Protein chains: 2
Amino acid sequence: MTTGRLMTEATDDTSIPQTPSLGGSAHVAEKLALAIHEHRILPGTKLSEDEVGEVFGVSRTVVRAALQQLSHDQLITLKRNRGAFVAQPSIHEAREVFEARALLEPRTARSAAERTTAADMVRLQTHIDAEHAALAAGDVGRAVYLSGQFHIEIARIAQQDTIREFITQLVARSSLIIALYWQRRSALCESHAHNALMRALVAHDGTLAEEVMQGHLLDLVSSLDLQNRAATPRSLHEVFGTR
Amino acid sequence: MTTGRLMTEATDDTSIPQTPSLGGSAHVAEKLALAIHEHRILPGTKLSEDEVGEVFGVSRTVVRAALQQLSHDQLITLKRNRGAFVAQPSIHEAREVFEARALLEPRTARSAAERTTAADMVRLQTHIDAEHAALAAGDVGRAVYLSGQFHIEIARIAQQDTIREFITQLVARSSLIIALYWQRRSALCESHAHNALMRALVAHDGTLAEEVMQGHLLDLVSSLDLQNRAATPRSLHEVFGTR
DNA sequence: GTCGCGGTGATCGTATACAATCTTGTATTA
DNA sequence: TAATACAAGATTGTATACGATCACCGCGAC
């Protein structure tokens, strides 16, 4: 066990699932997904079954179940007899992800605007405050995670569970894409756009919400470097195309 | 083992994975998914791990992996310490599924129209022929399956893998919805719409393809009975609203 | 010096065994 | 008679063990 402390150690929690309604594998999957979201585990990192099991104090059986779930969400890639690796979306995949988001999210924001309640407003404001706090603390990973949760929250307000699930997957993959292709620039425009979105929502202005969301997603894409090929491949095999 | 012959028996194939690149669990998951698609296994059916393992000649380990995958696709529902059951989408979920399809597929059809090649046309025509053959043979289940595959094929032509994956999930759930809420009526309009779609695609008429797809999905929804609550609920809890 | 080849270690794939939980049948009692 | 408590059976949840496959590395031949 040479890597260590990339993720929360087993001593952080009771190592016994605190949510008895959930299976242990779901617990492990959540923890891993959060760590990936927050960029505490970087794309390309190998997730050995033994190692993960040791960290969380569970057997390989439950680790395998968790990894399979994450694989289905395309957060990790399973290679037969090789192991699990945090996914490294290609530039092509990155474009597709944001095209899908552009297709789903503006319309969802419009729906959300028509249904935003006072309670929703409070939740959104809390979210934005948390984003600001994370940025102020310099915790970029957490800020990225919270920023994604904001988009998911909008889908929740729209009361479209099926679409929300898709957006959840897209946000997760977006987190990987940001980790790979982010070029530092305007980090503040993010939460600014979220503020504008919230204003449109509470004003029940669906058209405005749709426009703001569309522009926000475009800004997001343009803050990435999707031109240069060969952006941060971790595995030597991928560098040279062997295997 | 009292149920039997709902799905293809183990003697149908070699019971040894014929695709060595795929894990055995993927093989089992595919067979089960196909059986569910074709309505050979109906919503609400319990899929016991032992039973499935016996049918396919594999151990519970691989069955569990397959069931987990199907659960993620929402084809089955896993209940802790209870087992796996073929999913029974509620009317609300059914509406959401088709709303999501209405959001994704028309635009995807437009993209596909701009990229349809001669080879694609052949594939589409083959598909439509197979649909006709299945209908002529009275195999409604297979016709439903092939009809869904047609929609997935369009997403493939559009070269949008991410969106294609979403549509694949939605088509799968649509199959369950059709099994639950289908009210017999115009079974032929289906393939007719598919013919119209193909014509729009080969003519590279994106606008027409988008319109046809939108209308086709609306027809599909209106062929369902999503008004009556309590349409074929299997669980008594759902009948009486307890828990 | 480079290419090909087999040994070796590590890791995953699958099967089996045991523990925990739920369901169900039965007997007991008010 | 009906309700409850208890026990037996069945099913899933988890852990462990063994076998298969692949990557890595050293050795030898060309």
Side-chain angles (χ1 to χ4, degrees), chain A residues 1-3 10 14-32 44-71 76-86 234-243, chain B residues 1-3 10 14-32 44-71 76-86 234-237 242-243:
Chain A
M1 155 127 158
T2 56
T3 65
T14 61
S15 118
I16 290 165
Q18 61 270 54
T19 46
S21 65
L22 254 52
S25 68
H27 176 241
V28 173
E30 265 181 36
K31 288 269 185 177
L32 283 176
T45 305
K46 172 162 188 177
L47 298 176
S48 157
E49 294 183 355
D50 277 328
E51 190 181 344
V52 175
E54 200 173 333
V55 168
F56 290 99
V58 293
S59 94
R60 277 182 53 221
T61 306
V62 32
V63 172
R64 284 182 68 78
L67 291 179
Q68 192 187 336
Q69 181 181 333
L70 295 178
S71 157
I76 68 175
T77 304
L78 291 179
K79 300 184 180 177
R80 189 178 177 84
N81 292 320
R82 292 280 313 282
F85 300 83
V86 179
R234 296 289 167 126
S235 150
L236 289 181
H237 278 292
E238 294 179 19
V239 173
F240 299 101
T242 52
R243 176 199 24 131
Chain B
M1 151 129 158
T2 57
T3 65
T14 61
S15 117
I16 290 165
Q18 60 269 52
T19 45
S21 65
L22 252 52
S25 68
H27 176 241
V28 173
E30 266 181 34
K31 288 269 185 177
L32 283 176
T45 306
K46 171 162 188 176
L47 299 177
S48 155
E49 295 183 356
D50 276 327
E51 191 181 343
V52 175
E54 201 173 335
V55 168
F56 290 99
V58 293
S59 100
R60 279 181 51 221
T61 307
V62 32
V63 173
R64 283 181 69 77
L67 291 179
Q68 192 189 337
Q69 181 180 334
L70 295 178
S71 157
I76 68 174
T77 303
L78 290 179
K79 300 183 180 177
R80 188 176 176 84
N81 292 318
R82 293 280 315 281
F85 301 83
V86 179
R234 298 286 169 127
S235 147
L236 288 182
H237 277 293
T242 51
R243 179 183 22 197

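Just so we're clear, the structure is a prediction, and the values are computed from it rather than from any experiment. Just so it is clear, the values below take in all heavy atoms, side chains as well, and ignore hydrogens, waters and symmetry mates. The chains referred to below are lettered A, B, ... by the order of the sequence lines, with proteins before strands, and numbering in each begins at 1.
Of all heavy-atom pairs spanning B/Ala29 and B/Leu70, the tightest one is O-CD2, 3.7 Å.
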In a table with atom names and distances, give each donor-acceptor pair under 3.5 Å that connects a side chain of residues 61-69 of chain B to protein atoms at least two apart or in another chain.
residue: B/Thr61; atom: OG1; partner: B/Ser59; partner atom: OG; Å: 3.4
residue: B/Arg64; atom: NH1; partner: B/Glu49; partner atom: OE2; Å: 2.6
residue: B/Gln68; atom: NE2; partner: A/Ala65; partner atom: O; Å: 2.8

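Partners of A/Asp50 by side chain to side chain contact (heavy atoms under 4.5 Å, CB included), not counting sequence neighbours, listed by chain and number: A/Ser48, A/Arg60.
If you measure from atom CG of B/Asp50 to atom P of D/dG9, you get 17 Å, rounded to the nearest angstrom. In this structure, B/Gln68 places its CD atom 15 Å from P of D/dT12, rounding to the nearest Å. The distance from atom CG of B/Leu47 to atom P of D/dA10 is 20 Å, rounded to the nearest whole Å. What separates NE2 of B/His27 from P of C/dT14 is a distance of 12 Å, to the nearest Å. Going from atom CD of B/Glu51 over to atom C1' of D/dT11 covers 12 Å, rounded to whole Å. Atom pair B/Glu49:CD and D/dT14:P shows a separation of 11 Å (rounding to whole Å applied). Per the geometry, CG belonging to B/Leu78 stands 7 Å off P belonging to D/dG13, to the nearest Å. When the P atom of D/dT12 is taken as reference, atom NZ of B/Lys79 falls 13 Å away, rounded to whole Å.
In this structure, NE2 in B/His27 is found 10.0 Å from CG in B/Leu32, a value given to the nearest 0.5 Å. How far CD1 of A/Ile76 is from OG1 of A/Thr45: 11.5 Å, rounded to the nearest 0.5 Å.
In this model, the phosphate group of C/dT23 is approached by a side-chain N or O of B/Arg82 to a distance below 4.0 Å at OP1 or OP2.
A heavy-atom distance below 4.0 Å to DNA chain C is reached by these residues of residues 59-67 of chain A, ordered by number: A/Arg60, A/Arg64.
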Under-3.5 Å N/O pairs linking protein and nucleotides 19-21 of chain D:
residue: D/dT21; atom: O3'; partner: A/Asn81; partner atom: ND2; Å: 3.2

